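Shown next, in structure tokens, is the structure this report addresses.
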Amino acid sequence: MADGPIQFPFPYQPYSIQKQFMEALYTALDEGKVGIFESPTGTGKSLSLICGALTWLRDYEERKRQETARLLESGDLATDSSAGSQQASQSQESSDSAEPNWITDFVQKKAERDLVSKLKEDELKRKRREERLELMRRNTKLKYTMKRKQDSEDEEAVRLLKLSKEALTAEGGDVLEEGEEEVIVAVYESDDDNAVPKRSCLDEDDDDLEEDHVTKIYYCSRTHSQLAQFVQEVQKSAFASDIRLVSLASRQNLCINEDVRRLSSVQLINDRCMEMQKNKHEKTEKVQEPKRRRGAAKPVCPFSGYEALQALRDEILVKVQDIEQLAALGKETKACPYYGGRLAIPAAQQLVVLPYQTLLHESTRRASGIKLKDQVVIIDEAHNLIDTITCIYSSEVTGAQLCCAHSQLTQYMERYRNRLKAKNLMYIKQILFVVEGLVRMLGGKTGQNPNTQTTPAGTELQTINNFLCKAQIDNINLFKVRRYYEKSMISRKLFGFVEKYQGSGLNLSNKENCKTEGLEGFLQTLPKGQRHTAPVPDENSVADNGQPIMTSPMMQLEGFLFALTNANKDGRVVIHKQGVLAQSSVKFLLLNPAIHFAAVLRDCRAVIVAGGTMQPVSDFKEQLLLSAGVRPERIMEFSCGHVIPPQNILPLILCKGPSGQELEFTFQNREKSHMMDETGRVLSNLCNVVPGGVICFFPSYEYERCVYSHWEKTGLLERLSAKKRIFQEPKKASQVEQVLSEYSRCIQRCSQAEGPLSGALLLSVVGGKMSEGINFSDDLGRCVVMVGMPYPNIKSPELQEKMDYLDKNMPQVKGRTPGKALIENLCMKAVNQSIGRAIRHRGDYASIVLLDQRYSRPAIMAKLPNWIRTSTQVQPTFGPAFASIRKFFMQKKQQHGL
């Protein structure tokens, strides 16, 4: 810890809670803690994270430099040695089992010599690294000379391939069409568990540039827009001029190759890009052996040139760039921003900004070149971290996708049977066997149209081992199948095959050897016994349930098979039968997210999870930290209040409505007419005294529609509309922006003109599009109403399985089973996210009304954010509550001179 008070270079005089936040963050990083930090939106959380973390990093690096300089001075070493020997001698003399002094001196001197040797070795490595960078720049011209040589060799390879085809024709062998060579899987040599993967030139360069002793801060958030806002805050801070920051994002956001960007899904974009990178590395490796190449030149990305990537990397390190600026810079320099950012990671000595899905997914993290050993990770917007990890490592595949994958892979095998080596054929047959077993579990058969096969409806949950046994695929080593998927890239090869014969890629109608076009044409050339009738949808196909079907269902199957390699106790397989095979599905449900977060907690020096609302934190601590092996003393919690004055917020728990009706919106009670009528009366009274906007949250879309329909029939909706214009949250994400714009314009017009309307009423849904990430500041949200308690569907098989798992593996919390505590915590997390939409800055003010007497229970109130809980009033009847709200807004009207 630094001596004396810590000076944080905040751009303005920080509030006391901001200073407390930064000091607590500094302590957590310095002591290597796992910190849970809660700071409400509007309190400058991002700026506090920046200043606190970078101040610690600056001080930490300075202390390391001073220590290094001190130890490298021989005089200081002698002094330290003498003092250390004297202290060791005194310590040893006081011990009954003390060793001789000469042994202590020898061990200490040896340790000091080793330390000095390591420091000198680190300095030598740094100099070599700088020399390596300079040499790489000098060799750029040579690399381009070699590239020109490769181009000429590619032309020669095309000529040789043509001659080879002619020879094969003369011998009566299989003839490959133009472009087919690249869709055939390469010879699969080994499935050894200990096989060392071949490293690319890019990986070797990364290792040369990596400084093992440099501590970085990896800042993660949920969306790219949140990351962009964070980078903009960094640009405004005192660290902007001298920090090295790298922004990472997905290929979907950073790719500038239009031929790749136009693909239909993120998975296809990723796979096409990786295929091009593989082609690039293969060309580099074969420069010295041009005669051994058999195929034509494979496509590579024009934006992956070495010199251009180096130039882009330097630009990234010189100036702080957000994602949009990085993409624009990539277009300007004709260099890939995605790989340019990755190339800059080793040299980025301070801050790497990335989506937390990239950090949480192990293979993505490894592919991005992120090494977490002794690093610092800050995860912002971490309130749904458990759900995110669960979703990342869960996987689902439908009956239509299974049948389609089986059909495509069978046709692929028949087409290239004479070209595939024995081990490739063996694994392809194993995959087909596994698919047949999965389809049988759904009550169907492969080789038939999944849209016409009926299955009994129902849902069943099984352990992984039981599922594998019942599917009769327990004799297949899925770990080896997984390794085959990764090394052979069979999913991408199959996609290339389907793309070619569907006519969505190459135009086959002009090929001399192609008499028919598309996959259906190819099927006509097969013997009748080898034809398969399962349809192969294109990328725009839509299933009967309205969900799009992937062009490459093999990729979806790959994810599901990978999920089945989890430990038996950590997940379950959910079998959904919907009456039709095409709509039925098998889903892997991850029950223990801690197993995939444990590596981050183990490797990092410190991990900070932060959010505007982290309450309740018990789930987070039990399911994600303690289950991952984190010691309780390593966990640190910090929660600060809001910057708004206490008098600017009025939280109320309303137990009864205007007619005296008791408010308890249980599932059995909430759809009764008198409950919906009472809800309307409460809103009608609130709309009379609340200016601007009122946001009313319902537990679900179904209940919101039910209440709206009831109000229409009773005429209450018309009375509400006379006071405030009513808006409904749309189910489609594409319509949210339009509704919010109209809602905002309506409130603005009402505030500027006299008229019967006093603003707008927005009917929203907890967990919907407007309950998270939307700011209803100032007049957009003067009152937030929460109707009932949004408990999740306890009848859900997945949720029941999760509850059973927790009850068996977690300790009871204050006499309550972990499963019941989970239900309550999920409810209150959703409530806390919704009610925090209104207060967004220091001068803001709003009222929060919780319509349900169950909120008054001490256990429930304890799970509200501290800054709301301390001001919350429990009102048994409506009269005093309404008087408090009217007085609150009259005072605010007088204060603001309205």
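Computed from a predicted structure; not experimentally measured.
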Indicate the atoms forming the closest heavy-atom contact of [X] with [Y], along with that distance.
X      : Y      : answer
Gly680 : Leu720 : O-CD2, 4.4 Å
Val874 : Ser856 : CG1-CB, 3.8 Å
Gly330 : Ile256 : O-CD1, 3.5 Å
Glu38  : Ser639 : OE1-OG, 2.6 Å
Cys746 : Gly759 : SG-O, 3.9 Å

So does [Y] get a backbone contact from the side chain of [X], meaning a donor-acceptor N/O pair under 3.5 Å?
X      : Y      : answer
Gln226 : Arg222 : yes
Thr459 : His576 : no
Glu729 : Leu763 : no
Ser834 : Ala830 : yes
Gln583 : Val580 : no
Arg261 : Cys255 : yes
Thr364 : Leu360 : no
Ser796 : Asn793 : no
Tyr338 : Gln252 : no
Ser847 : Leu650 : yes

Let me see the working for Ile608 and Phe37 under side-chain contact (heavy atoms from CB on, under 4.5 Å), right down to the final yes or no. CA-CA 7 Å; Ile608 306 296; Phe37 280 68; 3.8 Å; yes
Relative to the ring of Phe888, is the ring of Tyr845 parallel (under 30°), tilted (30 to 60°) or perpendicular (over 60°)? perpendicular
Quick check: are there more than 12 heavy atoms from other residues, nucleotides or ligands sitting under 6.0 Å from CD of Glu718? no
Side chain to side chain contact (heavy atoms under 4.5 Å, CB included) involving [X] - partner list, sequence neighbours excluded:
X      : answer
Gln325 : Gln235, Gln321, Asp322
Glu712 : Tyr708, Leu717
Arg719 : Leu716
Glu737 : Ser741

Asn832 vs His383, test: side chain to side chain donor-acceptor pair (under 3.5 Å). Steps then yes/no. CA-CA 10 Å; Asn832 292 340; His383 55 274; over 6 Å; no
Inspect the contact between Lys45 and Glu381 and indicate whether a charged nitrogen and a carboxylate oxygen are less than 4.0 angstrom apart. yes
Determine, step by step, whether Gln556 and Gln401 satisfy the side chain to side chain donor-acceptor pair (under 3.5 Å) criterion, reporting the C-alpha distance in whole Å, the side-chain angles of both residues, the deciding distance to 0.1 Å, and the verdict. CA-CA 8 Å; Gln556 198 76 5; Gln401 291 169 334; 4.8 Å; no
Determine, stepwise, if the pair Ser659 / Glu678 fulfils side chain to side chain donor-acceptor pair (under 3.5 Å). CA-CA 7 Å; Ser659 65; Glu678 197 74 345; 2.6 Å; yes
For the pair Lys723 and Ser684, evaluate side chain to side chain donor-acceptor pair (under 3.5 Å) and give the outcome as yes or no after the intermediate values. CA-CA 8 Å; Lys723 301 172 183 179; Ser684 180; 2.6 Å; yes
Just grab all the salt bridge (Lys or Arg N to Asp or Glu O under 4.0 Å) pairs involving residues 824-833, residues at least two apart or on different chains. Arg816-Glu824, Glu824-Lys863
So the salt bridge (Lys or Arg N to Asp or Glu O under 4.0 Å) pairs with at least one residue in residues 779-797 (sequence neighbours excluded) are Asp779-Arg782, Arg782-Asp844
side-chain contact (heavy atoms from CB on, under 4.5 Å) between Cys220 and Asp380, worked out: CA-CA 6 Å; Cys220 318; Asp380 201 0; over 6 Å; no
